[in-house]
Number of protein chains: 4
Amino acid sequence: MVKTGVVGLGYWGPNLLRNLYANRRNGGLVICDSNAARLNKMAQHYPDIQSTKKYQDLIDNDDLNAIVIATDVSSHFPLAKQALLAGKHVFVEKPFAASVEEAQELVDLGKNNGLVTMVGHTFMFSPPVIKTKEIIDSGDLGDIHFITSSRVNLGLHQKDVSVIWDLAPHDFSMLFYWLDEEPDFVEAFGHDYVLSGIPDVAFINLGFPSGATANVQVAWLAPSKLRKTVIVGSRKMLIYDDTEPYEKIKIFDKGVDILEPKTFGEYQLSYRTGDIISPQIDSFEPLHSEMEEFLRCIETGATPRTSGRSGMGVVKALEIADKSLLAKLKKQQ
Amino acid sequence: MVKTGVVGLGYWGPNLLRNLYANRRNGGLVICDSNAARLNKMAQHYPDIQSTKKYQDLIDNDDLNAIVIATDVSSHFPLAKQALLAGKHVFVEKPFAASVEEAQELVDLGKNNGLVTMVGHTFMFSPPVIKTKEIIDSGDLGDIHFITSSRVNLGLHQKDVSVIWDLAPHDFSMLFYWLDEEPDFVEAFGHDYVLSGIPDVAFINLGFPSGATANVQVAWLAPSKLRKTVIVGSRKMLIYDDTEPYEKIKIFDKGVDILEPKTFGEYQLSYRTGDIISPQIDSFEPLHSEMEEFLRCIETGATPRTSGRSGMGVVKALEIADKSLLAKLKKQQ
Amino acid sequence: MVKTGVVGLGYWGPNLLRNLYANRRNGGLVICDSNAARLNKMAQHYPDIQSTKKYQDLIDNDDLNAIVIATDVSSHFPLAKQALLAGKHVFVEKPFAASVEEAQELVDLGKNNGLVTMVGHTFMFSPPVIKTKEIIDSGDLGDIHFITSSRVNLGLHQKDVSVIWDLAPHDFSMLFYWLDEEPDFVEAFGHDYVLSGIPDVAFINLGFPSGATANVQVAWLAPSKLRKTVIVGSRKMLIYDDTEPYEKIKIFDKGVDILEPKTFGEYQLSYRTGDIISPQIDSFEPLHSEMEEFLRCIETGATPRTSGRSGMGVVKALEIADKSLLAKLKKQQ
Amino acid sequence: MVKTGVVGLGYWGPNLLRNLYANRRNGGLVICDSNAARLNKMAQHYPDIQSTKKYQDLIDNDDLNAIVIATDVSSHFPLAKQALLAGKHVFVEKPFAASVEEAQELVDLGKNNGLVTMVGHTFMFSPPVIKTKEIIDSGDLGDIHFITSSRVNLGLHQKDVSVIWDLAPHDFSMLFYWLDEEPDFVEAFGHDYVLSGIPDVAFINLGFPSGATANVQVAWLAPSKLRKTVIVGSRKMLIYDDTEPYEKIKIFDKGVDILEPKTFGEYQLSYRTGDIISPQIDSFEPLHSEMEEFLRCIETGATPRTSGRSGMGVVKALEIADKSLLAKLKKQQ
């Protein structure tokens with residue numbers, strides 16, 4: 001049984017709290033928010049759990065094994081560092097930290113003190129993403145050539161971070177999870193149309209050691225909601241469309257084969273087209289799995305699927321992409 | 001009435017020929033192909049027109065006012081140059097030339113000799129593309145922020161040019177036509193998965209002097225056919241999907257407005273969502289309009305919508321994009 | 001302020017209760033269910049409202065002005081009759097009653113005692129249905145020729161009533177509301193494939209005094225969920241697809257006109273095709289409006305949009321359709 | 001080798017002619033149309049085949065083994081009868097005849113004289129319809145419960161026959177082919193909105209000896225083109241959408257099972273949902289197969305898939321449906 005402190009009860013924190021509360025491994029909860037209204041609202045909803053306005057109370061509470069952090073990005077690092085130094089396992093909402101330096105320090109602290117560090121890349125616990133991982137790992141798609149991903153719709157503009165830091169963590173975490181590698185090339189292009197200095201559209205290119213490439217589009221400005229990922233493999237291709245109510249994943253038995261030996265450039269290409277299959281996908285709440293994973297790893301010492309280390313990989317790519325975009329933006333102006 | 005020589009009767013030439021043949025301004029035709037089988041097939045189909053295997057016969061034929069060139073890209077320049085030097089108007093299939101240098105020389109030759117130079121960017125004569133131009137020019141969308149375009153499906157791999165030179169001319173010509181400007185920033189990323197040295201997938205970023213940006217995806221490897229362009233304006237947004245049988249264009253009355261003055265960063269954003277309109281679109285054959293435009297400009301001295309000059313702008317962007325992709329590809333390997 | 005008793009806390013009752021509880025006209029609530037578990041669950045959720053296992057307690061409670069009935073169809077009549085005889089306004093879940101006879105008696109009781117009778121045809125408070133009504137009433141579609149409606153998906157089989165009584169009340173109530181008339185012709189065809197004696201698929205034809213016709217498909221067996229209504233008018237046509245997340249309604253400027261006078265059968269038809277418009281639709285909870293309508297009508301003496309009288313019209317059509325289907329089914333066997 | 005006369009060169013005849021002309025079993029052709037313009041146009045297109053304005057010339061031509069009839073419905077019977085009496089095999093466009101009586105006489109004439117009678121139900125040679133037949137026959141769907149089919153769009157109104165005779169032959173021929181049986185119950189409902197006396201929308205119910213039922217919607221008035229058939233089996237379900245460019249057929253592994261023995265009505269239902277598969281479908285021209293089938297059956301004495309007998313079954317259902325609709329229409333007016 002794990003006793004957990006939850007800090008940050010804004011938009012996302014209450015969802016984590018609800019799933020922690022219902023988890024069989026939950027051994028007690030303390031909630032914390034500097035905003036009294038939010039704190040009281042949650043305290044009323046869960047009359048049996050303690051609450052405090054001071055984060056230091058969580059740190060000082062020796063009963064707590066773990067801290068779940070769902071505050072603004074800028075406070076992820078100081079809060080997590082304090083917790084780790086106090087010997088507590090930490091779960092940090094995505095993105096893991098505001099820079100690679102911060103992320104690295106948290107990962108090191110966790111490692112050196114035998115503590116779990118985990119990041120809230122919820123998509124990696126979502127059934128269609130896991131199904132896609134299984135399909136890729138089965139070899140059914142062959143080698144992965146390239147992946148394109150679109151995550152766009154109208155709103156909700158952030159006022160402190162770019163659209164890259166807001167939306168791309170989802171795509172990056174999925175991509176790195178599926179490919180089992182991190183990119184050795186990242187560049188981005190985009191613009192700040194609505195709020196000066198806050199890019200609201202970005203096109204990100206990624207290259208991976210395996211030779212795979214990826215293009216990720218993120219935008220707060222778009223006529224229709226897109227949550228679509230296309231994976232092109234050497235044998236088959238897959239489309240994962242998260243806005244589809246029923247056929248979220250489709251596997252296309254499509255590809256191109258080289259028929260003749262490449263003698264004097266006289267080879268032939270053959271195009272294959274076969275059945276299309278939309279596999280049945282389990283339905284469970286990703287957040288439940290995510291919290292279960294955190295508590296399980298604390299109890300067993302296992303490394304979480306979304307370890308702090310993996311969160312650092314995402315932060316690194318975000319940082320490079322953001323800088324790449326801003327550099328071009330400055331040059332253009 | 002214009003007398004025209006047509007050279008190159010492979011895949012596309014016969015379509016141009018058919019439309020020239022039926023045009024009211026057509027004053028006579030001579031066809032030319034070094035491949036006897038192709039030439040004879042067309043000659044049988046049009047028993048009343050002359051044919052020759054030698055391009056020089058077209059050049060030497062003083063009756064001919066104009067030459068239509070539908071051969072391989074590499075021969076566009078020498079054939080067009082010869083024709084212009086012989087005082088003949090030229091129409092060149094897309095892409096206009098294999099390099100900016102070549103394109104510039106052709107444009108100059110046309111200009112200095114008072115001859116029409118035109119490029120076969122057929123999409124600029126297609127009803128939905130023209131409709132989109134009208135909508136943009138009406139100001140209905142407001143300022144154009146960004147445009148994304150996808151032109152992907154399985155096949156048909158070219159063996160001599162990259163997917164950029166093969167497919168991007170369509171998108172580039174549409175984009176520059178709609179925006180009425182050429183990009184001052186072009187970069188690309190991609191890979192050569194099937195045939196070494198021939199990139200088959202590319203992600204291209206473009207920046208324009210007005211501040212507009214664009215992302216173009218082209219690929220010969222993709223599970224489903226996409227021909228989709230999204231235009232995000234400051235007032236409204238538009239989706240043009242060329243694979244839709246009926247609703248090719250949709251206009252979304254969507255946008256984000258800044259409500260409060262930006263005092264100390266304390267502004268509010270307001271998201272607008274209104275009706276969606278799919279306008280009725282004329283139906284006519286783009287190729288007919290294209291050939292009509294060529295013959296009309298010869299007769300009247302007008303500059304064609306798809307002038308050699310505009311073709312050069314596309315070639316320039318293709319050249320930069322291709323080099324950008326190849327440079328990164330080399331670095332990765 | 002209205003004091004209301006709510007009887008039946010199974011699947012739907014709690015939704016009605018939630019909306020009554022939050023309504024500004026709510027002057028007090030008493031809940032009732034013979035099932036102690038259900039009753040206690042709701043009592044815990046709303047600690048400030050009274051509860052009872054005996055319906056007679058509601059009847060005897062002189063403080064209550066109104067009764068909301070959300071029990072099985074077979075008990076609608078006796079419960080509502082008792083309430084009306086006790087001088088209480090009644091709201092009855094759909095279908096209003098199990099037969100026209102019952103419905104008529106309830107309507108008469110309400111009328112003669114100056115009490116509101118209302119039926120829970122929730123769709124008539126749903127934004128796209130109301131929008132469609134406005135469009136029809138505006139004359140934009142011209143005369144309504146015919147309407148087709150499909151309400152099918154896999155499950156949920158009822159064990160006591162046919163698919164007609166289960167699903168068709170939605171379509172019938174919408175149709176009669178839109179057309180402002182009740183059918184003078186009803187027939188149905190279908191079958192009982194899964195449970196003998198309980199038809200699980202039905203095709204219903206309706207004819208209306210105005211000349212309009214309709215075809216309604218309802219089924220508990222279908223590969224994909226359909227909630228689609230097509231309205232063909234003499235001037236325009238409309239599709240209302242309730243499964244669409246964004247474009248629920250589309251208006252097609254399409255039609256056929258007779259050009260020439262019909263002399264000797266030598267007339268010409270002309271087919272019109274214009275823009276397609278998907279109007280923006282308000283978003284509010286239908287159940288809130290429904291409960292507001294009930295309480296408002298009690299307070300003001302107005303007749304509800306979904307009056308008992310209108311509920312009787314639906315019951316009449318259901319009764320005829322069900323008998324028509326069963327008669328043919330018997331003959332076939 | 002078969003020598004064939006083709007009568008009727010309006011809309012459809014030229015398509016049949018083109019496929020006959022190219023068929024390897026074709027031993028010669030004579031074409032016939034009373035309209036000189038049509039006849040000359042075809043004669044010019046095929047300079048090597050004979051032509052005549054008089055049908056009697058075909059009858060008197062002893063070289064001809066077979067007659068293909070693509071004239072108006074009303075002339076199908078007299079022309080086919082004459083041909084059969086002259087000892088010639090006949091292919092008749094759909095519908096086979098204008099009444100069951102006529103159809104029966106033609107079938108009998110063919111049978112008694114050892115001549116092939118065939119009807120042009122082209123859909124029964126179309127790849128997705130054949131694929132669907134294979135899937136049904138494989139037992140993959142289980143017992144076929146019911147089928148719904150929609151064949152609607154705006155136009156093209158016929159001026160002499162109802163929408164049932166115009167469009168329903170396609171659906172009826174597919175249904176009877178798939179189910180391998182003809183209906184023992186047919187009824188229809190509909191209306192004549194545009195041209196008085198010519199129903200332009202019809203809803204047709206069919207019952208089959210096996211217990212299968214079907215609902216067919218046909219209309220010349222509809223906002224969007226539908227060519228969609230849904231087949232619900234006891235094990236799986238299938239959707240065939242002929243307007244889909246790629247995924248014309250989808251098989252849904254969906255169904256409902258009865259879990260418990262039906263003791264005292266206390267059984268449980270279980271709903272199954274699994275993968276969705278869109279099988280790859282061959283692509284060939286149905287008309288080629290149809291003409292091949294006609295010539296092959298003449299040469300081998302085999303019975304065509306779309307025999308005159310099967311055409312008669314369709315005519316019978318059309319006749320009953322049409323009368324059923326008209327009877328109700330008269331009553332309503």
Side-chain angles (χ1 to χ4, degrees), chain C residues 143 145-146 148 150 152 154-157 159 184-185 187-191 193-196 200-201 203 205-207 211-215 217 219-224 226 230-232 234 236-239 250-252 254-258 262 265 267 269 271-273 276 328-329 331-333, chain D residues 143 145-146 148 150 152 154-157 159 184-185 187-191 193-196 200-201 203 205-207 211-215 217 219-224 226 230-232 234 236-239 250-252 254-258 262 265 267 269 271-273 276 328-329 331-333:
Chain C
D143 296 330
H145 284 344
F146 68 89
T148 59
S150 296
V152 307
L154 182 61
L156 204 66
H157 284 70
K159 290 174 183 172
D184 52 8
F185 174 84
E187 69 174 1
F189 184 62
H191 217 283
Y193 289 111
V194 174
L195 300 180
S196 181
D200 35 35
V201 54
F203 313 115
N205 295 322
L206 302 121
T213 53
N215 180 253
Q217 299 189 343
W220 292 320
L221 292 170
S224 58
L226 292 182
V230 177
I231 304 177
V232 172
S234 58
K236 290 189 183 177
M237 307 179 181
L238 182 151
I239 294 179
K250 283 188 184 175
I251 305 165
F252 295 74
K254 277 192 171 183
V256 53
D257 301 310
I258 298 181
K262 295 192 189 181
Y267 40 82
L269 297 179
Y271 299 92
R272 249 184 318 104
T273 304
I276 300 168
K328 289 168 198 164
L329 192 55
K331 217 183 292 175
Q332 270 202 296
Q333 284 159 346
Chain D
D143 297 331
H145 283 344
F146 68 88
T148 59
S150 295
V152 307
L154 182 61
L156 200 70
H157 284 69
K159 290 173 183 173
D184 51 10
F185 174 84
E187 70 174 359
F189 185 62
H191 217 282
Y193 288 111
V194 174
L195 300 180
S196 181
D200 36 34
V201 55
F203 313 114
N205 295 322
L206 303 120
T213 53
N215 181 253
Q217 298 189 344
W220 294 320
L221 293 169
S224 59
L226 292 182
V230 177
I231 304 177
V232 171
S234 58
K236 291 189 182 176
M237 307 180 182
L238 181 151
I239 294 179
K250 283 187 185 176
I251 305 164
F252 296 73
K254 277 191 170 184
V256 54
D257 301 308
I258 298 181
K262 295 191 189 185
Y267 39 82
L269 297 179
Y271 299 92
R272 250 186 314 105
T273 304
I276 300 168
K328 288 168 199 165
L329 193 54
K331 216 182 292 176
Q332 269 202 301
Q333 284 159 347

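Sequence lines set the chain letters: A, B, ... in the order given, protein chains first and strands last, and positions in each chain run from 1.
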Using non-hydrogen atoms only, which part of [X] is less than 4.5 Å away from chain C: side chain, backbone, both, or neither?
{"X": "D:S234", "answer": "neither"}
{"X": "D:D184", "answer": "side chain"}
{"X": "D:A222", "answer": "backbone"}
{"X": "D:L156", "answer": "both"}

Measure across [X] and [Y] and return the closest heavy-atom pair with its distance rounded to 0.1 Å.
{"X": "C:V232", "Y": "D:P223", "result": "CG2-CD, 4.1 Å"}
{"X": "D:K328", "Y": "C:F185", "result": "CD-CZ, 3.7 Å"}
{"X": "D:F189", "Y": "C:L206", "result": "CE2-O, 3.2 Å"}
{"X": "C:S224", "Y": "D:I239", "result": "OG-CD1, 3.7 Å"}

For this session: Could you pull out all residues at least two apart from D:D143 that satisfy salt bridge (charged side-chain N to carboxylate O under 4.0 Å, His left out)?
Result: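 Listed in chain order: nothing, the list is empty.
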Exercise. Can you name the residues that form a salt bridge (charged side-chain N to carboxylate O under 4.0 Å, His left out) with D:K250, not counting sequence neighbours?
Worked result: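 Partners of D:K250 under the salt bridge (charged side-chain N to carboxylate O under 4.0 Å, His left out) test: A:E247, D:E247.
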Say you draw a straight line from [atom1] of [X] to [atom2] of [Y]; how long is it, rounded to the nearest 0.5 Å?
{"X": "D:L329", "Y": "C:T213", "atom1": "CG", "atom2": "OG1", "value": "9.5 Å"}
{"X": "D:F203", "Y": "C:E187", "atom1": "CZ", "atom2": "CD", "value": "11.0 Å"}
{"X": "C:Q217", "Y": "D:N215", "atom1": "CD", "atom2": "CG", "value": "5.0 Å"}
{"X": "D:L269", "Y": "C:L154", "atom1": "CG", "atom2": "CG", "value": "10.0 Å"}

Problem set entry | Audit row: D:T148, C:V201, side-chain contact (heavy atoms from CB on, under 4.5 Å) steps and yes/no | CA-CA 11 Å; D:T148 59; C:V201 54; 6.0 Å; no
For this session: Show the numbers, then the answer: is there a side-chain contact (heavy atoms from CB on, under 4.5 Å) between D:W220 and C:V256?
Result: CA-CA 10 Å; D:W220 294 320; C:V256 53; over 6 Å; no
For this session: Could you look at C:A214 and say if it's the side chain, the backbone, both or neither that has a heavy atom under 4.5 Å from chain D?
Result: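 Backbone only.
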Exercise. So, the side chain of D:Y193 versus the backbone of C:H145: is there a donor-acceptor pair under 3.5 Å, distance only?
Worked result: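 Checking the backbone N and O of C:H145 against the side chain of D:Y193, a donor-acceptor pair under 3.5 Å is found.
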